[in-house]
Amino acid sequence: MINEKMFELGSKRSAIRDLFEYAKERGAQIGAENVFDFSIGNPSVPAPDCVKEAILDLVAHGDPVALHGYTSAQGDPQVRAAMAAHLSGHCATQIGAEDMYMTCGAAASLTISLGALVCPGDQVIVFAPFFPEYRVFIEAAGAECVVIPPREPELAPDLEALRAALNDNTKAVILNSPNNPSGVVYSEETIRALCGILRQAQEEFSHPIYLISDEPYRELVYDGAQVPCVLDFYDNTLICYSFSKSLSLPGERIGYIAVSPRAADNRRIYAAVCGAGRALGYVCAPSLMQQVAARCVGKTADISVYRRNRDRLCAALKEYGYSFARPDGAFYLFVKALEPDASAFCERAKRHELLLVPSDSFGCPGYVRIACCVRPDMIERALPAFRALAQEYGVIE
Ligand code: PLP
């Protein structure tokens, strides 16, 4: 007898991974340049030079035993101090090395945070549209995933629905801004209002309700959009961060958790984070990458490419009659499918070699996600296919 739930998870790929694999197979059949793969959020922009420089310098001049050895379970103290100093520069709240836990990317940050907080019978609230792995992580931690549908068309969190969903079993709320899959950046006003509602609920139910702020796209914002520091607005906050997108290092698996120094029971939460890391086997994040992250924290890959991709796609898709909320951040477009069934729409798009992700697993039916972190030349080659698809649905002539 094996764990059937895990068997199910491992046997069925996510819609995103499914398309990503299909793109490779299809590319082998008809040539990769003829497949328009908008499925996965894999940055197409190389890591900034500082990453290569740091790796070369560390490998050439670092102590090889220490460099490739175990660090402290929660991460090298100096690396954690560097992360804390950088985060403190972004926030009014001052964070210490003792609040930081280095992880293997945002996925590990989330699973550790949930593992640290969740008890049997708890609920964790997510705002649709949401990163589909949230449901997997929440359920694996033993909690129920409660989905709040968005306010449309702007795809902002529905705060009245949040108020109604909070109850004695609510342990945490996951917030993700800039958002995957919509690219929407939540305003400071929204964050303040949301935090006010959570504070009221904490009083009403007489227990902490944690805000888990998942921020792998924090630096990926355009046209002056601001990402407020959630630590400044709500005490019981854990930040889950990753260098996967900002430094274009998704394969290197490096990120962190910051536990708010203002959280009630901050030391107990931090110890539970260490405990969850231990229980999940997520101790001692990749040692070389911890050092690289410490040297490159605050730098980004050339994200102007994503802005230009967004602008090009938004202009063309608007012209072809598609509707969407123009994203201020991340590198996704969340577009209304041209028929109610997003999966059926994606199947038709596939006939034009356009690989788009149907939105059902994002908790928001009727849309498709288009990852704009692709190479600009692929966008140019794909535009006739987007146009032909719109023509097929009679949206344009
Ligand atoms: N959270 C969100 C919103 C994401 O989009 C992703 C990856 O795409 C992750 C978490 C996981 O990030 P990582 O690759 O750093 O584990």
Side-chain angles (χ1 to χ4, degrees), residues 13-17 19-20 37-45 47 51 75 83 101-115 124 126-138 140-141 145 147 150 155 157 172-186 211-221 227 230 238-258 277 280-282 285-286 289-290 292-293 296-297 300-301 303 306 327 329-334 357 359 361-364 369-374:
R13 280 197 296 246
S14 75
I16 300 170
R17 290 264 158 204
L19 272 174
F20 183 58
D37 179 12
F38 292 96
S39 63
I40 203 163
N42 212 359
S44 63
V45 173
V51 168
M83 300 296 139
Y101 186 99
M102 298 305 296
T103 65
C104 298
S109 303
L110 288 160
T111 51
I112 293 172
S113 298
L114 288 164
V124 176
V126 299
F127 296 101
F130 59 87
F131 179 51
E133 297 304 281
Y134 288 169
R135 185 184 290 283
V136 177
F137 299 161
I138 291 168
C145 177
V147 178
L155 301 173
V173 173
I174 300 183
L175 196 67
N176 170 224
S177 170
N179 180 265
N180 173 10
S182 70
V184 170
V185 180
Y186 302 156
L211 188 55
I212 299 176
S213 185
D214 180 26
E215 305 183 1
Y217 302 95
R218 188 197 298 146
E219 295 84 2
L220 276 68
V221 284
V227 179
V230 179
L238 281 77
I239 290 185
C240 292
Y241 183 78
S242 154
F243 292 93
S244 295
K245 318 289 171 167
S246 56
L247 287 180
S248 287
L249 292 178
E252 302 298 350
R253 317 305 303 136
I254 189 76
Y256 63 70
I257 299 167
L280 291 163
Y282 273 144
M289 282 304 137
Q290 288 192 45
V292 171
C296 299
V297 64
T300 64
I303 62 169
Y306 306 138
F331 44 43
Y332 304 102
L333 267 184
F334 204 55
V357 185
S359 63
S361 60
F362 299 112
C364 190
R369 188 189 78 170
I370 300 176
C372 323
C373 50
V374 295

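Values in this document were obtained by computation on a predicted structure and should not be read as measured data. Atoms within a ligand are numbered from 1 in the order they appear, just like the ligands themselves. Below, each value reflects all heavy atoms present in this structure, side chains not excepted, and no hydrogens, waters or symmetry copies.
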Inset, instruction - Could you tell me whether ligand 1 has any atom less than 4.0 Å away from a heavy atom of Y217? - result: yes

Legend entry - Expected output: side-chain R218 to main-chain V227 donor-acceptor under 3.5 Å: no

Legend entry - ligand 1 to K245 polar contact by distance, N or O atoms, under 3.5 Å: yes

Inset, instruction - May I ask you to decide if V374's main-chain N or O and S44's side chain share a donor-acceptor pair within less than 3.5 Å? - result: yes

Legend entry - Over all atoms of both residues, closest heavy-atom pair of R253 and S244: NH1-OG, 3.8 Å

Inset, instruction - Would you tell me whether S177 and N179 have side-chain atoms, one donor and one acceptor, within less than 3.5 Å of each other? - result: no

Inset, instruction - Specify the protein heavy atom at minimum distance from atom 1 (N) of ligand 1: its residue, its atom name, and the distance to 0.1 Å. - result: D214 OD2, 2.6 Å

Inset, instruction - Report the relative orientation of the aromatic rings in Y134 and F130; use parallel for angles under 30°, tilted for 30 to 60°, perpendicular for over 60°. - result: parallel

Legend entry - 4.0 Å heavy-atom contact, Y134 with ligand 1: yes

Inset, instruction - Would you mind listing which atoms of ligand 1 come within a distance below 4.0 Å of any non-hydrogen atom of S244? - result: 13 (P), 14 (O), 15 (O)

Legend entry - Polar proximity ligand 1 side, N180 side, N/O cut 3.5 Å exclusive: yes

Inset, instruction - Identify which one of Y217, F362, F38 satisfies the ring pair (Phe, Tyr, Trp, His ring centres under 6.0 Å) criterion when paired with Y332. - result: Y217

Legend entry - Closest approach of any protein heavy atom to atom 12 (O) of ligand 1, naming residue and atom: A106 CB, 3.5 Å

Inset, instruction - Could you list the atoms of ligand 1 found under 4.0 angstrom from a heavy atom of N176? - result: 3 (C)

Legend entry - Heavy-atom nearest neighbour in the protein, as seen from atom 6 (C) of ligand 1, with distance rounded to 0.1 Å: F131 CZ, 3.5 Å

Inset, instruction - Look only at the side chain of T103 and the backbone of A108, and say whether a donor-acceptor pair between them is shorter than 3.5 Å. - result: no

Inset, instruction - Without swapping roles, check the side chain of S109 against the backbone of Y256 for a donor-acceptor pair under 3.5 Å. - result: yes

Inset, instruction - Mind checking whether R253 contacts ligand 1 via backbone (N, CA, C, O), side chain (CB onward), both or neither, at a 4.0 Å heavy-atom cut-off? - result: side chain

Legend entry - Short N or O distance, A107 and ligand 1, threshold 3.5 Å exclusive: yes

Inset, instruction - Answer yes or no for P216: is there a heavy-atom contact with ligand 1 below 4.0 Å? - result: yes

